Number of protein chains: 2
Amino acid sequence: MLSKKTQYAFHALIHLAEHADKGPILISEIAQEKNISIKFLENILLELKNAGILGSKKGKGGGYYLMRTPKEIPLARIIRLLDGPIALLPCVSLNYYERCENCKDEAVCGLNDVMGRVRDATLKLLENKTLKDILTKD
Amino acid sequence: MLSKKTQYAFHALIHLAEHADKGPILISEIAQEKNISIKFLENILLELKNAGILGSKKGKGGGYYLMRTPKEIPLARIIRLLDGPIALLPCVSLNYYERCENCKDEAVCGLNDVMGRVRDATLKLLENKTLKDILTKD
DNA sequence: CATAAATCCTATAAAAACTATAGGCTATTA
DNA sequence: TAATAGCCTATAGTTTTTATAGGATTTATG
C-alpha cells in the first residue's frame, strides 16, 4: 500500500492542477479541502518543491503551484520520491535494487522472475499515466 | 514492498515444494538453507499451517509439508494472508476496502481509476501464477 | 518601514508496524 | 520414558510512519 504521505501528495497535486488558473494556492486551503493535517501536508509540499515538481511563493498572496504541466508528471515519479521502491521485492527493484539474501542465484529464481513481471506491469501504468490522467476537470 | 515475513514464506514454500518427496521437512533445515531466523520462520510456518496451506507432524521424523500441490497455491493467497492488501490504495482493495477520506466521490476519482487498473494488472499475475511457477526444479 | 502573511526548516514526539526472540506446552516416536 | 519437533503466546527491540511544534525567513502592502 502507498503511505499516507504519498496518498496526500496525489490529492494535493490534483487540487493544485485543478486550480492552476488561480495563482498560488495556500497549504491551508488544500489541507481543508482534502481533509489533511496542515502541518503534515506542509512537509510533503516542501519535499515536492525540493524535487522540482512544485514552486512556491512566500508572503501574502503566496502559496504553491505546479512547475510543470500535469501531463509531464508521471505517477511513478511521485511514488518513488515519497515512498521509495515500487517493486514488490528488493531484488527486482530498478531504482532501489538489493541482492536477495535468501536465494542462491537470482538468474534462476522463479520468484524473481514473476515479481519482475509484476513490476513491469505496474510500471507500464505508473510511468505512462500522469497527473493529467487522474484529474476530474478538463 | 512485501514484508520479510512474506518473502520468507515464499522461500520456505519453495523449499518445501522442491523437497516434497522427502517427507516432513524440519523448520531448522529450511531456516538454515534459506538463511532465515529459525524462530521467526516457526511463526510463519504456523500461520501457513493454520491457513490450511501446510500440514505438520510433531515429534521425531516430524516437520512441515504442503497440503496441496504447488499448482494449487496462487501467490496472491500467500501475500494476502501474511501481508494483507495487494492494492496500492485502500479504496481499490478488493479484500480490504476502505472508503477514501480525501476525495468526495470515488466514482469520478481519477486516482481511484488508475490504481484500480494497477491492481487488476498485478492480480492478473499474482492470482494466476502459483507456487509451481516459482520453482526451479521440474 | 512596520506589520501581517505565508512558506521554510529542523527537531521531536507519538503511534504503529515490522522483525525477532523467549520459553514453556503438547504430541509423537522409539 | 526420554528425546524430538512442532504449538502457542507473550514480549522485546527496532524501524517506519504519521503528526506536531515553533521559530526563521521572505514578501506584499499600507
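These numbers come from a predicted model, not from an experiment. To find a chain, count down the sequence lines: A is the first, B the second, and so on, and within it residues start at 1.
- Within 4.0 Å of B:Ile27, counting heavy atoms only, lie sugar-phosphate atoms of the nucleic acid but no base atom.
- A straight line from CD of B:Gln7 to C1' of C:dC18 spans 12 Å, rounded to a whole angstrom.
- Contacts between residues 89-103 of chain A and DNA chain D, defined by a heavy-atom separation under 4.0 Å, are absent.
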Please list each protein N or O that sits under 3.5 Å from an N or O in nucleotides 2-4 of chain C, with the distance.
none

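- For residues 43-59 of chain A, the pairs satisfying salt bridge (Lys or Arg N to Asp or Glu O under 4.0 Å) are A:Lys5-A:Glu47, with sequence neighbours left out.
- Applying the side-chain hydrogen bond (donor to acceptor under 3.5 Å, both in side chains) rule to A:Lys4 yields no partners; only residues at least two apart in sequence or on another chain are considered.
- Within the structure, every pair that satisfies the side chain to side chain donor-acceptor pair (under 3.5 Å) test and touches residues 90-99 of chain B, not counting sequence neighbours, is listed here: B:Tyr97-B:Glu106.
- Using a 4.0 Å heavy-atom criterion, one finds that A:Leu45 contacts no nucleic acid atom at all.
- Between B:Asp113 and B:Arg117, at least one side-chain N (NZ, or NE/NH1/NH2) sits under 4.0 Å from a carboxylate O, which counts as a salt bridge.
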Distances for protein N or O near nucleotides 16-20 of chain D N or O, under 3.5 Å:
| from | atom 1 | to | atom 2 | distance (Å) |
| --- | --- | --- | --- | --- |
| D:dT18 | OP1 | A:Lys4 | N | 3.3 |
| D:dT18 | OP2 | A:Lys4 | N | 3.1 |
| D:dA19 | OP2 | A:Tyr8 | OH | 3.4 |
| D:dT20 | OP2 | A:Ser37 | OG | 2.7 |
| D:dT20 | O4 | A:Asn43 | ND2 | 3.0 |

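- Qualifying side-chain contact (heavy atoms from CB on, under 4.5 Å) partners for A:Ala51, counting only residues two or more places apart in sequence or in other chains: A:Ile53, A:Arg77, A:Leu81.
- Within the structure, side chain to side chain donor-acceptor pair (under 3.5 Å) contacts touching residues 7-17 of chain A (residues at least two apart or in different chains) are A:His15-A:Glu29.
- As rounded to whole Å, 11 Å separates atom C1' of D:dT25 from atom NZ of A:Lys49.
- Contacts classified as salt bridge (Lys or Arg N to Asp or Glu O under 4.0 Å) and involving residues 34-45 of chain A (residues at least two apart or in different chains) are given here: A:Lys39-A:Glu42.
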Do any side-chain atoms of residues 66-74 of chain B form donor-acceptor pairs under 3.5 angstrom with protein atoms, and if so which ones, sequence neighbours left out?
| from | atom 1 | to | atom 2 | distance (Å) |
| --- | --- | --- | --- | --- |
| B:Thr69 | OG1 | B:Glu72 | OE1 | 3.2 |
| B:Glu72 | OE1 | B:Thr69 | N | 3.0 |

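- Within 3.5 Å, a donor on the side chain of A:Glu42 pairs with an acceptor on the base of C:dC9, or the reverse.
- In this structure, CG of A:Leu46 is placed 14 Å from C1' of D:dT26, rounded to the nearest angstrom.
- Partners of A:Asp133 by side-chain contact (heavy atoms from CB on, under 4.5 Å), not counting sequence neighbours, listed by chain and number: A:Lys129, A:Thr130.
- The minimum heavy-atom distance between B:Leu88 and B:Met115, with the atom names listed, is CD1-SD, 3.9 Å.
- Using a 4.0 Å cut-off on heavy atoms, the residues of residues 50-58 of chain B that approach DNA chain D are B:Ser56, B:Lys57, B:Lys58, listed by number.
- Nearest heavy-atom pair, B:Ala17 versus B:Leu131, reported as atom, atom and distance to 0.1 Å: CB-CD2, 4.1 Å.
- In this structure, A:Glu101 places its CD atom where only 12 or fewer heavy-atom neighbours from other residues, nucleotides or ligands lie under 6.0 Å away.
- Considering every non-hydrogen atom in both B:Leu48 and B:Ala9, the closest pair reads CD1-CB, 4.2 Å.
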